[in-house]
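Structure, as structure tokens:
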Amino acid sequence: MKNEWPLWEVFIRGQHGLAHRHFGSLHAPDAEMAIKNARDVYTRRNEGVSIWVVRASDIAASAPGEKEPLFDRSNSKIYRHPTFYDIPEEVGHM
Amino acid sequence: MYAQMVKSTGERPKTLDEMTPEERAFQQRVDADIKIEPKEWMPEGYRKTLVRQISQHAHSEIVGQLPEGNWITRAPTLDRKAILIAKVQDEAGHGLYLYCAAETLGVSRDEMTEQLLSGKAKYSSIFNYPTLTWADIGAIGWLVDGAAIMNQVQLQKCSYGPYSRAMIRICKEESFHQRQGYDIMMKLCAGTAEQKEMAQDALNRWWQPSLMMFGPSDKDSVHSAQSMAWKIKPMSNDELRQKFVDQTVPQAEYLGLKIPDPDLKWNEGKKGYDFGEIDWNEFYEVLRGNGPCNKERLDARRKAWDDGAWFRDGLMAHAQKAKARRLAAE
């Protein structure tokens, strides 16, 4: 057994106005078949209005080991959140 | 369950003191209910056990299409036929979600297929029984899917992210399967005496095999302790089996059917039913490949794989040619 169909990642827009979201993956020989298969595998119950497929090998991802250097820095930057600022009640909704 | 005899490491779980720092950090994450994701460090035993369990589960979904597919052309009405096709198609989808989850652990789809077709990988014993009458389709939905849901609901909490997410999706879709099965049983039980008899006969044949789906008794289940410590399997075989019996007995009563077990009795003390010993000899024989339909099921899968080879290869060749043409045009 060789010549395995490549793996595709499937992204589906659930409703108009929402972003495409990762749904899962599947094997298919090309993009056209990947979209057809994604329709059958992931939208049997009206889950979507649009499908994207991407070859899994074309996705670059951050390494799990780099989680701290990548994301920890923003932990201390609490001034990026609106709750950091005290606004007097008299000012009203802001 | 759909994965009944999953070999784990075969050893008792290590205590936190016996673990390496990496193993300890891993176990502490599992204990804190933080999901483990594909590329993260994990003990080799965890990875291997999961591959076995998820692939067995996937194979069961795929082979599970066969006993029901047997009735698609003979469903009693067009509605029932459309419903049965939808259900069998769901099983194929569930198999695919699960294969994808297993692939995130570094095993390829073809390797898994090869293991199924060579008989090396197992699938649930339940699919090695024949579907003799239309009532069997009712009994499978009600009992087999009922037992599957009971197992899969707890697996939604599995520590491995991709498996847990596949389970959440499957559970959402599966509840229609059980209800359509019970609906068939209700119809038969409200019908003629012969129809009701047919429903009773199906229950008689599927009851014990359904209880076997939960796997060996806890006292004989050597791999459970490690799997439970890793939260690959949140509840024990016997706990799940008891839950299933307690849920199902009243449903049988509603239908006016009798559970084929002379030892079945309500136990006020444990607020659950006592039930008779399961024929474990039969269970192990079916797993060993000696059930009524083992050969037929594997032959059907092998034939499907072999007959589909020209199609898989043809589409791949077309894709490669089309790609070469596109590159040449650039």
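Basis for what follows: all heavy atoms, side chains included, without hydrogens, waters or symmetry-related copies. Residue numbering restarts at 1 for every chain, and letters A, B, ... go by the order of the sequence lines. Since the model is a prediction, treat every value here as computed from it, not as a measurement.
- The parts of B:Ser108 that come within reach of chain A are both its backbone and its side chain, each placing non-hydrogen atoms under 4.5 angstrom from that chain.
- Interface remark: A:Glu9 contributes no atoms to any contact with chain B (heavy atom separation under 4.5 Å).
- Residues of residues 18-38 of chain A lying within less than 4.5 angstrom of chain B, judged on heavy atoms, are A:Phe23, A:Ser25, A:Leu26, A:His27, A:Pro29, A:Asp30, A:Met33 in numerical order.
- Annotation: B:Arg302, atom CZ; neighbour count of heavy atoms from other residues, nucleotides and ligands within 6.0 Å is above 12.
- Per-residue heavy-atom pair counts under 4.5 Å with chain A were compared for B:Arg109, B:His94, B:Gln89, B:Lys323, and the maximum is reached by B:Arg109.
- Contact residues of residues 158-168 of chain B toward chain A are absent (heavy-atom distance under 4.5 Å).
- Applying the 6.0 Å contact sphere to CD of B:Glu44 captures more than 12 heavy atoms from other residues, nucleotides or ligands.
- A 6.0 Å sphere centred on NZ of B:Lys35 holds more than 12 heavy atoms belonging to other residues, nucleotides or ligands.
- When each of B:Ala92, B:Ala309, B:Ala319, B:Pro38 is scored by its heavy-atom pairs under 4.5 Å with chain A, the top score falls to B:Ala319.
- Annotation: A:Lys77, atom NZ; neighbour count of heavy atoms from other residues, nucleotides and ligands within 6.0 Å is above 12.
- Sparse packing is recorded around CG of A:Asn46, with 12 or fewer heavy atoms of other residues, nucleotides or ligands lying under 6.0 Å away.
- A donor-acceptor pair is defined here as one N or O able to donate and one able to accept, closer than 3.5 Å; such a pair exists between the side chain of B:Tyr97 and the backbone of A:Val41.
- Of all the listed residues (B:Glu103, B:Lys39, B:Gln320), the one sharing the greatest number of non-hydrogen pairs under 4.5 Å with chain A is B:Glu103.
- Residues of residues 80-94 of chain A never come within less than 4.5 angstrom of chain B, heavy atom to heavy atom.
- Pairs of residues two or more places apart, or lying in two chains, that qualify as salt bridge (Lys or Arg N to Asp or Glu O under 4.0 Å) and include a residue from residues 81-102 of chain B are A:Arg44-B:Asp90, A:Arg45-B:Asp90, B:Glu68-B:Lys87, B:Lys87-B:Glu91, B:Lys87-B:Asp145.
- Remark: B:Arg169 engages A:Glu47 in a salt bridge, criterion side-chain N to carboxylate O under 4.0 Å.
- Counting heavy atoms from C-beta on, the side chains of B:Glu37 and A:Pro64 never come closer than 4.5 Å.
- Here the CE-CH2 distance, from B:Met316 to A:Trp5, works out to 9.0 Å after rounding to the nearest 0.5 Å.
- Contact annotation for B:Leu315: both backbone and side-chain heavy atoms come within less than 4.5 Å of a heavy atom of chain A.
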